[in-house]
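First up is the structure itself, then whatever we jot down about it.
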Amino acid sequence: MEIFNYMETYDYEQLVFCHDKTSGLKAIIAIHDTTLGPALGGTRMWTYKTEEEAVEDALRLAKGMTYKNAAAGLNLGGGKTVIIGDPKTEKNEEMFRAFGRYIQGLGGRYITAEDVGTTVQDMDLIYQETNFVTGISSTSGASGNPSPITAYGVYRGMKAAAKEGFGTDDLNGRTVAVQGVGNVAYNLCRYLHEEGANLIVTDINKEAVARARDEFGARVVEPDEIYDVDCDIYAPCALGATLNDDTIPRIKAKVIAGAANNQLKDSSHGETLHKKGVIYTPDYVLNAGGVINVADELNGYNKDRAMKKVETIYDNVSQVFEISRRDNIPTNEAADRLAEERIERMRHSRSQFLHSEKHILKNRI
Ligand SMILES: NC(=O)C1=CN([C@@H]2O[C@H](COP(=O)(O)OP(=O)(O)OC[C@H]3O[C@@H](n4cnc5c(N)ncnc54)[C@H](O)[C@@H]3O)[C@@H](O)[C@H]2O)C=CC1
Ligand SMILES: CC(C)CC(=O)C(=O)O
């Protein structure tokens, strides 16, 4: 990968490599765009096969956060971190403390939170070294684990998608196939079960599927079978790029709505789904509940205020479908347009010099 070429093509601002020999920290912080405010995005810990794969993931996820934060109406830019390592065996206190010091060194350009492989406890360790972290434990007066709130936002957005696909947002009796029943999707399945949806689930983690089977009566299938099942809604809630040339022809659902980031292998797959008549709900519009929740910490966390904003996901998703229908463009393009237009408008209207900026971080520093 030609890193600077890639950064130039997609307009990235900064890529930071962080290393700490004692703790074994190998982290890559990618900052995509800070037009709207400091870059906020989670830290993923994963066993990447190569360093190149880790860099690519950090870059792709950071860009997704720029669009997610913009489309959610937050005054935040986009960034993300990946830590190379096995979250089950390679974490230690020194690692997250060292990482916190690297974040502090960025002076507020980047604020972190949880993502796959990291927890509230990890954020609490980071918080010992920097204020530029969210999703810390409620005992520290903050918002805690964002996953249940992400799940609620996905559930609400899935209802909006059902309305677009089936003419009603009632999920009672609908069959939803869920790929990956981790932190977010477990909570999503609970909402769906409570509304009377039938669940088909898969996961590479046997305990996770057993829990969904026992608690929600979900039918369990093997990981590769999930693309072939008969269902109304397909919910990708594991990792990215699972909507691709191999899987799209197999999917029978009329609606796709799931929590995973970067679901489309590339943007052309949005076009493929559009042509196939499938209602694809753009991931970053749908899964913004977690970031909306943690962003509220920057103003002193207020759960009612955060949840009110999470409710807007239903309308944001509906607006994307409306643009897609009106202009006959794929939903992923409609969402990108919404986000890009907001960034451009704000870039223009905030370009004048101010001696003292009113800043989203004023309560954190
Ligand atoms: N946690 C949050 O608040 C947010 C999460 N997301 C995204 O949602 C997705 C899920 O996040 P979490 O639930 O937090 O992560 P998680 O790690 O708790 O859950 C992911 C699940 O997917 C399973 N999985 C991995 N590969 C699989 C495969 N090939 N087939 C089937 N299952 C597989 C894992 O075993 C795990 O149970 C990720 O893409 C994440 O970036 C997006 C926004 C916010
Ligand atoms: C998990 C969130 C708090 C932030 C994030 O990184 C995301 O939405 O993907």
Side-chain angles (χ1 to χ4, degrees), residues 29-30 32 39-47 57-58 60-69 71-72 74 76-82 87-88 110-120 122-123 133-136 142-154 157 177-189 200-212 220-227 235-244 247 257-264 282-298 306 310 313:
I29 303 172
H32 177 247
L40 172 54
T43 294
R44 177 172 292 192
M45 186 163 181
W46 195 250
T47 49
D57 208 29
R60 265 169 63 89
L61 289 164
K63 181 161 176 269
M65 289 309 300
T66 298
Y67 283 73
K68 185 181 305 196
N69 293 338
L74 298 171
L76 291 162
K80 201 94 172 188
T81 299
V82 305
K88 290 201 183 84
Y110 171 68
I111 306 167
T112 200
E114 292 87 348
D115 190 45
V116 174
T118 58
T119 63
V120 173
D122 301 331
M123 297 307 124
V133 53
T134 55
I136 51 182
S143 68
N145 179 5
S147 303
I149 316 292
T150 302
Y152 182 69
V154 173
V178 183
Q179 180 188 48
V181 270
N183 290 321
V184 175
Y186 167 74
N187 289 287
L188 172 65
C189 286
I200 305 173
V201 301
T202 194
D203 199 294
I204 49 173
N205 177 345
K206 297 290 169 229
E207 284 165 25
V209 281
R211 184 168 66 157
V220 176
V221 298
E222 288 301 316
D224 190 54
E225 278 177 61
I226 197 78
Y227 303 110
C237 298
L239 297 180
T242 61
L243 298 173
N244 53 49
T247 60
N261 280 313
N262 295 340
Q263 292 166 26
L264 300 172
D283 44 18
Y284 63 76
V285 183
L286 187 65
N287 70 16
V291 77
I292 291 172
N293 196 54
V294 299
D296 198 82
E297 266 184 56
L298 300 171
V310 172
I313 291 175

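Counting starts at 1 for both ligands and their atoms, following the listed order.
- If you check which protein heavy atom lies closest to atom 2 (C) of ligand 2, you get Glu114 O, 3.9 Å.
- Residues Asn261 and Lys68 bring a donor and an acceptor atom of their side chains to less than 3.5 Å of each other.
- Of all the atoms in ligand 2, the ones that sit under 4.0 Å from a non-hydrogen atom of Gly42 are 4 (C), 5 (C), 6 (O).
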Verdict with supporting geometry, Val310 and Tyr152, side chain to side chain contact (heavy atoms under 4.5 Å, CB included): CA-CA 8 Å; Val310 172; Tyr152 182 69; 4.0 Å; yes
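- Each of the following atoms of ligand 2 lies closer than 4.0 Å to a heavy atom of Ala113: 3 (C).
- Considering Val221, Thr202, Thr242 as possible partners of Tyr227, the one that fulfils the side-chain contact (heavy atoms from CB on, under 4.5 Å) test is Thr242.
- Considering CG of Asn244 and CD of Gln263, their distance stands at 12.0 Å, rounded to 0.5 Å.
- Residue contacts with ligand 2 for Lys68 involve side-chain atoms from C-beta outward but no N, CA, C or O (heavy atoms, distance under 4.0 Å).
- Counting only heavy atoms from C-beta outward, the side chains of Trp46 and Leu239 approach each other to under 4.5 Å.
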Derivation of the side chain to side chain contact (heavy atoms under 4.5 Å, CB included) call for Asp203 and Val178: CA-CA 9 Å; Asp203 199 294; Val178 183; over 6 Å; no
Please tabulate protein-ligand N/O pairs under 3.5 Å for ligand 1, atom names and distances to 0.1 Å.
{"residue": "ligand 1", "atom": "1 (N)", "partner": "Ser147", "partner atom": "OG", "Å": "3.1"}
{"residue": "ligand 1", "atom": "3 (O)", "partner": "Thr150", "partner atom": "OG1", "Å": "2.6"}
{"residue": "ligand 1", "atom": "8 (O)", "partner": "Ala259", "partner atom": "O", "Å": "3.2"}
{"residue": "ligand 1", "atom": "13 (O)", "partner": "Asn183", "partner atom": "N", "Å": "3.2"}
{"residue": "ligand 1", "atom": "13 (O)", "partner": "Val184", "partner atom": "N", "Å": "2.9"}
{"residue": "ligand 1", "atom": "18 (O)", "partner": "Asn183", "partner atom": "N", "Å": "2.9"}
{"residue": "ligand 1", "atom": "18 (O)", "partner": "Asn183", "partner atom": "ND2", "Å": "3.1"}
{"residue": "ligand 1", "atom": "35 (O)", "partner": "Asp203", "partner atom": "OD1", "Å": "2.6"}
{"residue": "ligand 1", "atom": "37 (O)", "partner": "Asp203", "partner atom": "OD1", "Å": "3.3"}
{"residue": "ligand 1", "atom": "37 (O)", "partner": "Asp203", "partner atom": "OD2", "Å": "2.7"}
{"residue": "ligand 1", "atom": "39 (O)", "partner": "Ala238", "partner atom": "O", "Å": "2.7"}
{"residue": "ligand 1", "atom": "39 (O)", "partner": "Asn261", "partner atom": "N", "Å": "3.3"}
{"residue": "ligand 1", "atom": "41 (O)", "partner": "Arg44", "partner atom": "NH2", "Å": "2.8"}
{"residue": "ligand 1", "atom": "41 (O)", "partner": "Asp115", "partner atom": "OD1", "Å": "3.0"}
{"residue": "ligand 1", "atom": "41 (O)", "partner": "Asn261", "partner atom": "ND2", "Å": "2.8"}

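- Between the CD1 atom in Ile136 and the CD atom in Glu297 there is a gap of 5.0 Å [rounded to 0.5 Å].
- Contacts with ligand 2 closer than 4.0 Å are made by no heavy atom of Asn293, backbone or side chain.
- Ligand 2 has at least one atom lying under 4.0 Å from a heavy atom of Lys80.
- For ligand 2, the polar-atom distance check against Asn261 finds a nitrogen or oxygen pair separated by under 3.5 Å.
- Rounded to the nearest 0.5 Å, atoms CG (Asp296) and OG1 (Thr134) are 10.5 Å apart.
- Under a 4.0 Å heavy-atom criterion, Gly135 is not in contact with ligand 2.
- Residues Met65 and Leu40 fail the side-chain proximity criterion, which asks for heavy atoms closer than 4.5 Å.
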Check against side chain to side chain contact (heavy atoms under 4.5 Å, CB included), Ile226 and Ile200: CA-CA 8 Å; Ile226 197 78; Ile200 305 173; 4.2 Å; yes
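- Near Gly41, the atoms of ligand 2 lying under 4.0 angstrom from a non-hydrogen atom of the residue are 6 (O).
- In this structure, Met123 and Glu114 have side chains that are in contact, with non-hydrogen atoms separated by less than 4.5 Å.
- Residue contacts with ligand 2: Val294 is placed with no nitrogen or oxygen under 3.5 Å of a nitrogen or oxygen of the ligand (distance criterion only).
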